[in-house]
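Read the structure below first, then the notes.
A, B, ... follow the sequence lines: proteins, then strands. Residue 1 opens every chain. The structure presented is a predicted model; accordingly, all values stated were derived computationally and were not measured. Because only heavy atoms are used, hydrogens play no part in the values below, and waters and symmetry mates are left out as well, while side chains stay in.
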Protein chains: 2
Amino acid sequence: MAVSERKKREYDQREGLIIDTARKLLLDRGYLDLNMDQIAEVTEYSKGTIYQHFSCKEEILVAMLSESADKAGQFLLRGSNLKGKPRERMAAMALGYDLFVCLNPDHFKAKLLVQNESIMRKASPTFQKKMDASNQQNMHLVAGVLRDAVAEGHVELKKGITPEEVAFGLWTGALGAYVLMSSEVNLHALGITDPRKAVWENMHALLDGFGWRPLSSELDYEQTRIRILKEVFPQEAAQVGRA
Amino acid sequence: MAVSERKKREYDQREGLIIDTARKLLLDRGYLDLNMDQIAEVTEYSKGTIYQHFSCKEEILVAMLSESADKAGQFLLRGSNLKGKPRERMAAMALGYDLFVCLNPDHFKAKLLVQNESIMRKASPTFQKKMDASNQQNMHLVAGVLRDAVAEGHVELKKGITPEEVAFGLWTGALGAYVLMSSEVNLHALGITDPRKAVWENMHALLDGFGWRPLSSELDYEQTRIRILKEVFPQEAAQVGRA
DNA sequence: CAAACAATTGACGTTTAGTCAATTTTTTTC
DNA sequence: GAAAAAAATTGACTAAACGTCAATTGTTTG
């Protein structure tokens, strides 16, 4: 059945086109002006065909986010493969995520919307499960590096604290920061001139606080940062013009 | 002009009614099912009158958030007035904010939406300025307690790190956590059984990481927590059933 | 009390999500 | 290869909701 295989490919390709178009329109016009007629017009398919792929507007958003969440996972994975101490690998994951966000400005725009339960609930359970699985995978990846550190004796977690809870702390710190950066909050007026740098510093303070060695007083993580960009994300760093 | 004063009072009162109604509908039905006709019906005013107060649906959301943001500021302020060391006062602010979020479940629902630039931009600049001012005030409050700590010699900030950046770290950690808690993410499946506790622990790790004394190894902050609830938020703690 | 002014209303125009009968295209059958 | 069956595509249509504004109701003033 080579024919039906081709059909399937064409179908998937069109789904990608719809998502990409929606992504572009979301960035250009914003959520409130994102509408199905326009998506239909730009993709040059009829509205009915769009609805063949997605049951509602919100489902396109969720699919968009699901796609970019997978991409984000790739950046985390690449970071975790840095040659070095677990804490350096963790730093590489954070830096990778930062690069991902820079390269995919739509990601947080969609995330803010889909985080809203009323929008998320309208999408099909299939997509919801996908998102959950994606979160779980990333959590597992981060907690895994931490477990490596514990195994190698670089850090002892206080009684009652799990690797997942530490991962949660890293997650929430990054999430909150990128939420603020992708929204209309005037960080500059609040005295935050370089939020990316602040996120990096705060992550290291958090890890120092857990006693994860080498502490930032024992290792120059600025050197690590440069090494990460060079060894793991050379192309992406160039793309966003990072030293 | 006693008459016009009364008029003004009635007008303000109605504005409050509209906001409260919208808040209730947002919690009950969610954003997508929140509509102006229903707000008009429930408040028993006509749609035209609602539009006398707010230029669009999104402006009601922003007003809702602005109101609860002020309330949140009160909790922070009360926390900052705890008798004790600066770091304890900081902990009291965090705990106060946590209680506020528990008591105002609509706050983060609205915040997630208003954080979206397309929704925020539709509201009038007046409200946008209000939100900025509110954020600035809170940032100032948090940074102020940190400055006290620096003045009293409890912490030395590394060169190049400002109190605002540390405040930013506390802010983003809390923001990200409450975003996740107020959304559909299944934290339990991710191994986070008590997110509030995790937020508390992570905050202390962050402050430990900055070297803010007394470190959590030097002082039993669980005792501080109990004291804060007793001395600063006795009523609120009882309301949410916190020990 | 009447005229001017202000506040309130809800019917109406417009936009857009989502549906579905009609049409076109593709596949199967003989 | 033609005809019939199945599948895919379309866009006119319905319903819902936003936001407007002319008409109406209520209030103040001279």
Those residues of residues 38-55 of chain A lying under 4.0 Å from DNA chain D by at least one heavy atom: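 Within residues 38-55 of chain A, the residues near DNA chain D are A/Tyr45, A/Ser46, A/Gly48, A/Thr49, A/Gln52.
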
Starting at [atom1] of [X], measure out to [atom2] of [Y] and round the result to the nearest 0.5 Å.
X        : Y       : atom1 : atom2 : value
B/Arg23  : B/Leu65 : CZ    : CG    : 9.5 Å
A/Ser118 : B/Leu27 : OG    : CG    : 11.5 Å
B/Thr21  : B/Glu44 : OG1   : CD    : 10.0 Å

Candidate pair B/Met36 and B/Ile60, rule side-chain contact (heavy atoms from CB on, under 4.5 Å), full reasoning: CA-CA 10 Å; B/Met36 296 302 257; B/Ile60 302 186; 4.0 Å; yes

Quickly work out the [X] [atom1] to [N] [atom2] distance and round it to whole Å.
X       : N      : atom1 : atom2 : value
A/Asn35 : C/dT16 : CG    : C1'   : 7 Å
A/Asp37 : C/dT15 : CG    : P     : 11 Å
A/Met36 : C/dT16 : CE    : C1'   : 11 Å
A/Glu10 : D/dA7  : CD    : C1'   : 14 Å
B/Asp12 : C/dA7  : CG    : P     : 14 Å
A/Ile60 : C/dA17 : CD1   : P     : 9 Å

Residue-level proximity of residues 25-33 of chain B to DNA chain C when a heavy atom falls under 4.0 Å: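 Heavy-atom contacts with DNA chain C come from no residue of residues 25-33 of chain B; none.
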
Selection: residues 113-130 of chain A, any non-hydrogen atom under 4.0 Å of DNA chain C: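 Within residues 113-130 of chain A, the residues near DNA chain C are A/Lys122.
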
Non-hydrogen atoms of B/Leu175 and A/Gly176 that approach each other most closely: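 So the two residues come closest at CD2-O, 3.6 Å.
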
[X]: partners by side chain to side chain contact (heavy atoms under 4.5 Å, CB included), with sequence neighbours left out:
X        : result
A/Ala63  : A/Ile19, A/Phe54, A/Phe127
A/Asp194 : A/Arg196, A/Lys197
A/Tyr97  : A/Ala72, A/Leu76, A/Phe100, A/Val101, A/His107, A/Phe108, A/Tyr178
A/Val142 : A/Met90, A/Met93, A/Ala167, A/Leu170

Pairs meeting criterion side chain to side chain donor-acceptor pair (under 3.5 Å) with involvement of residues 127-141 of chain B, two or more places apart: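 Of all non-adjacent pairs touching residues 127-141 of chain B, none passes side chain to side chain donor-acceptor pair (under 3.5 Å).
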
Verdict with supporting geometry, B/Glu236 and B/Phe75, side-chain contact (heavy atoms from CB on, under 4.5 Å): CA-CA 10 Å; B/Glu236 287 83 2; B/Phe75 277 76; 3.7 Å; yes

CD (B/Gln235) with more than 12 external heavy atoms under 6.0 Å: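 Counting other residues, nucleotides and ligands, CD of B/Gln235 stays at 12 neighbours or fewer.
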
CZ (A/Arg29) with more than 12 external heavy atoms under 6.0 Å: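 Open.
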
Partners meeting side-chain hydrogen bond (donor to acceptor under 3.5 Å, both in side chains) with B/Thr193 (sequence neighbours left out):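 Testing B/Thr193 for side-chain hydrogen bond (donor to acceptor under 3.5 Å, both in side chains), a comparison that skips the adjacent residues, returns none.
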
Axis bend over the full length of the helix from C/dC1-D/dG30 to C/dC30-D/dG1, computed from five pairs that close each end, to 10 degrees: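 One end's axis against the other's: 10°.
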
Under-4.0 Å side-chain N/O to phosphate OP1/OP2 contact, B/Arg14 with C/dA7: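 Checking B/Arg14 against C/dA7: no side-chain N or O falls below 4.0 Å of OP1 or OP2.
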
Polar atom pairs (N or O), protein with nucleotides 22-25 of chain D, under 3.5 Å:
none

Residue pairs fulfilling ring-ring contact (aromatic ring centres under 6.0 Å, His included) with at least one residue in residues 179-200 of chain B, sequence neighbours excluded: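 The answer is B/Trp200-B/His204.
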
side-chain contact (heavy atoms from CB on, under 4.5 Å) between A/Leu61 and A/Tyr31, worked out: CA-CA 10 Å; A/Leu61 282 175; A/Tyr31 173 63; 3.7 Å; yes

